[in-house]
Amino acid sequence: MTPLVTIIVTCFNQASYLERSVKSVLSQTFTDLECIMVDDGSTDNTQEVVKQLMNLDSRVSYFYKENGGVSSSRNFGIKQAQGKWIQFLDGDDWIHENKIKFQLDHLSDLHDENNTVFYTDYERVFIDREQQIINRQENIVGSLSTDQLIERLLIPDFLADSPFPLLQQCLLMSRDILNKKLFDENLKALQDRDFTVDILLLGANFVYTSLIGAYYTKHQSNRTNNWPYMKAYYILLYETVSSKHHDLIPLCQVGIDFLIKEAIREKEPENFARLIKIFSPPLYLLNKKIKINHSSILKLIYQTRLIIPSFVLYEKYRGPRSQKIISIFSYFINFFKRPNNSYISSD
């Protein structure tokens, strides 16, 4: 019998977390489901864990593929899925036991279920090296409009004052949505943002269901801990948005401006060259003391920055010696600013 719901669990070297993740699927109060595990080329003991889990429940199936990233794994899982409703779950996260039932209970309120994506609130769970939970943070998303969702999706989390609204772990979507859009396999990170922006623009109906429905882990092996890695994909995300939806670039500007400032500060020529192509003025530098209205001026500032020592412009680069130099320089500047100081005496 064809299950109504497919939950696709993607994993890569997450054997130590996998049992909790899959058991959260198998313990759902809504039971008409299948659990498809997609192993993205793991080299740990994932297969041993999988064998034990498959022995627990016939609803579990397992597929191994060469490493290609989470987008590739999700797209692979979609091809295997039989359900009318699809949920994605990373192998180190888990979901509330009543999540699927709670979200499907809202079907009676819908006019067009085929174009629907349900989303929930979630909890951020911090785990130490010993796999112990050391902190938990609730993230209440609330009901947001299409415009509000798109705007928030295009702002990096560390620059936003609200939770990321559409974690894949929190979503339950009609399969018809996935007939219109798959995950971009060029994006090894931030693919959720690209995916959800696209389906929002395609007219998907996002329905908020008030429940802490997912538990999203933060631990040592998260790639989100690697800023150079994430930075590269933020740039790629904004380039992708620019190529597909150029009218959305103003909504990306908070993130683009941050990345441009970092490229200038850290002297990153390749990143700066890519970002200047999607730059939308104005840009403010040095605590809004300088306003840049044209890309040519910004290029000139970057070239000038290359010849100025970092400690002159940025406090973070100042050691004891450079601090002393700055202090002496500041003393002389302030000395000559005093109105009564003059080398010429008057009779």
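Predicted, not measured: the structure shown is a model, and the values here were computed from it. The figures that follow rest on heavy atoms only: side chains count, while hydrogens, waters and symmetry mates do not.
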Taking the six-membered ring where the residue is Trp, are the ring centres of [X] and [Y] under 6.0 Å apart?
X	Y	answer
Phe158	Phe258	yes
Phe30	Trp85	no
His96	Phe102	no
Phe88	Phe195	no

Verify the cluster assignment for [X] and [Y]: are they in a single hydrophobic cluster under the rule of side-chain heavy atoms below 4.5 Å apart?
X	Y	value
Phe12	Leu18	no
Phe63	Leu178	yes
Ile307	Tyr302	yes
Leu171	Ile140	yes

To the nearest 0.5 Å, atom CD of Glu34 lies from atom CD1 of Ile8 at 8.0 Å
To the nearest 0.5 Å, what is the distance between OG on Ser16 and NE2 on His219? 7.5 Å
Given side chains that start at C-beta, do those of [X] and [Y] come closer than 4.5 Å, heavy atoms only?
X	Y	answer
Met54	Val22	no
Leu53	Asp57	no
Ile36	Gln82	no
Thr10	Asp90	yes
Val70	Asp40	no
Leu201	Leu248	yes
Asp121	Tyr208	yes
Leu259	Glu262	no

For [X] and [Y], does a side-chain donor sit closer than 3.5 Å to a side-chain acceptor?
X	Y	value
Thr29	Asn98	yes
Asp128	Gln132	no
Asp93	Tyr17	no
Lys51	Gln47	no

Using 30° and 60° as the class limits, which term best fits the ring planes of Tyr216 and Tyr122: parallel, tilted or perpendicular? perpendicular
With side chain to side chain donor-acceptor pair (under 3.5 Å) as the test, pick out the partner of Gln87 among Gln103, Gln168, Lys99, Gln28. Lys99
I need the single residue from Arg124, Arg193, Lys218 that forms a salt bridge (Lys or Arg N to Asp or Glu O under 4.0 Å) with Asp157. Which is it? Arg193
Applying side-chain contact (heavy atoms from CB on, under 4.5 Å), name anything that partners Ser72, two or more places apart in sequence or on another chain. Lys65, Glu185
Once ring-ring contact (aromatic ring centres under 6.0 Å, His included) is applied, do any residues pair with His246, and if so which ones, sequence neighbours excluded? none
Check residues 275-286 and write down every donor-acceptor pair under 3.5 Å in which the side-chain atom is one partner and the other belongs to a residue at least two apart or another chain.
none

